[in-house]
Amino acid sequence: MIFDFFSVFESGIANGKLYWKNPPKNHAEKMGREAGFICIGKRKNKSYWYVRCFGLTFKRARVIFCMAHGRWPEPFVDHINGNSLDDRPNNLRECTASQNAANSKDKKRIHNLPRGVYLTKQQRFMARITKGGVSKSLGTFDTREEARVRYLQAKRALFHEFA
């Protein structure tokens with residue numbers, strides 16, 4: 001599904017922003033102004049910039065990707081630098097859900113173990129990684145550091161530039 005976003009927005013996409021070229025009826029004051037609004041995502045620590053046009057709401061990153069590449073991104077758009085408000089075309093890339101999750105920042109966990117490391121009942125450290133909904137055990141280790149190193153090696157091997 002491709003829309004003619006160029007008919008609605010100025011092509012100032014190099015800086016990652018969209019400006020009104022053809023604003024909605026009764027909103028002539030928006031001409032030339034930045035389009036869209038910031039909305040906090042489902043995860044409270046992430047905000048995204050959205051735009052409304054053609055009666056629909058889109059994430060600005062997806063619109064800019066479409067304008068820059070001439071096609072709709074499938075299935076997801078990833079912000080390379082991790083800043084969800086930085087929608088410059090050179091900061092956006094297509095990705096799968098697993099690749100997007102691999103590139104995300106570590107979440108605060110209840111215990112002080114790094115991402116991909118779990119404590120077993122035997123008080124050893126297990127390394128585990130997930131891709132495409134399939135978890136794979138990477139082994140158990142005497143220290144959390146050994147488990148973390150093994151996890152990071154597997155992450156680089158599975159996710160390449162997304163790691």
Side-chain angles (χ1 to χ4, degrees), residues 1-21 30 32-54 56-118 127-138 144-163:
M1 160 171 69
I2 299 281
F3 295 101
D4 185 13
F5 292 111
F6 287 105
S7 68
V8 179
F9 302 114
E10 290 286 338
S11 62
I13 61 171
N15 65 0
K17 297 180 181 181
L18 298 172
Y19 300 94
W20 285 109
K21 177 169 105 177
K30 290 186 176 189
R33 291 178 46 200
E34 189 172 1
F37 56 95
I38 294 176
C39 188
I40 296 173
K42 291 178 183 175
R43 291 184 359 201
K44 301 263 187 222
N45 60 344
K46 279 284 193 186
S47 297
Y48 294 94
W49 197 278
Y50 290 86
V51 293
R52 285 190 185 119
C53 63
F54 308 115
L56 300 169
T57 302
F58 302 94
K59 282 187 178 176
R60 180 176 70 181
R62 294 178 69 79
V63 173
I64 288 177
F65 185 94
C66 181
M67 291 174 79
H69 298 283
R71 61 186 170 77
W72 199 246
E74 291 296 336
F76 297 101
V77 173
D78 176 48
H79 291 82
I80 297 168
N81 68 4
N83 179 355
S84 60
L85 298 175
D86 183 0
D87 294 332
R88 292 173 293 130
N90 62 356
N91 187 44
L92 302 175
R93 61 183 170 191
E94 282 182 304
C95 65
T96 64
S98 289
Q99 290 170 328
N100 203 14
N103 190 36
S104 67
K105 295 177 183 168
D106 287 350
K107 298 173 185 146
K108 188 172 183 175
R109 299 176 70 184
I110 295 171
H111 40 76
N112 288 331
L113 294 175
R115 183 183 207 173
V117 178
Y118 303 88
R128 187 171 64 204
I129 194 163
T130 303
K131 182 175 183 184
V134 178
S135 291
K136 179 181 178 184
S137 177
L138 304 171
R144 73 174 67 196
E145 291 77 20
E146 290 174 313
R148 178 69 174 166
V149 167
R150 180 64 186 108
Y151 169 78
L152 292 174
Q153 289 171 343
K155 185 177 176 181
R156 276 187 229 99
L158 282 174
F159 297 106
H160 308 290
E161 74 271 11
F162 290 92

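The residues of the chain are indexed from 1 along the displayed sequence.
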Inter-residue atom distance Lys155.NZ - Ile129.CD1, 0.5 Å rounding: 7.5 Å
Atom pair NZ (Lys59) and OH (Tyr48), whose distance is rounded to the nearest 0.5 Å: 4.5 Å
Can you check whether [Y]'s main-chain N or O pairs, donor with acceptor, with [X]'s side chain at less than 3.5 Å?
X: Thr57; Y: Arg52; value: no
X: Arg60; Y: Leu85; value: yes
X: Arg148; Y: Arg115; value: yes

Parallel, tilted or perpendicular: ring planes of Phe65 versus His69, cut at 30 and 60 degrees: tilted
Trp72 and Phe58 aromatic ring geometry - parallel, tilted or perpendicular at 30°/60° bounds: perpendicular
Heavy-atom side-chain proximity of [X] to [Y] below 4.5 angstrom:
X: Glu94; Y: Val77; answer: no
X: Arg156; Y: Leu152; answer: yes
X: Leu138; Y: Gln153; answer: no

Distance-minimising heavy-atom pair for Ala61 and Asp87: CB-OD1, 3.4 Å
Exercise: identify the closest heavy-atom pair between Pro89 and Ala14: CD-O, 3.9 Å
Counterpart residues, side-chain contact (heavy atoms from CB on, under 4.5 Å), relative to Asp86 (two or more places apart): Asn81, Asn83, Arg88, Asn91
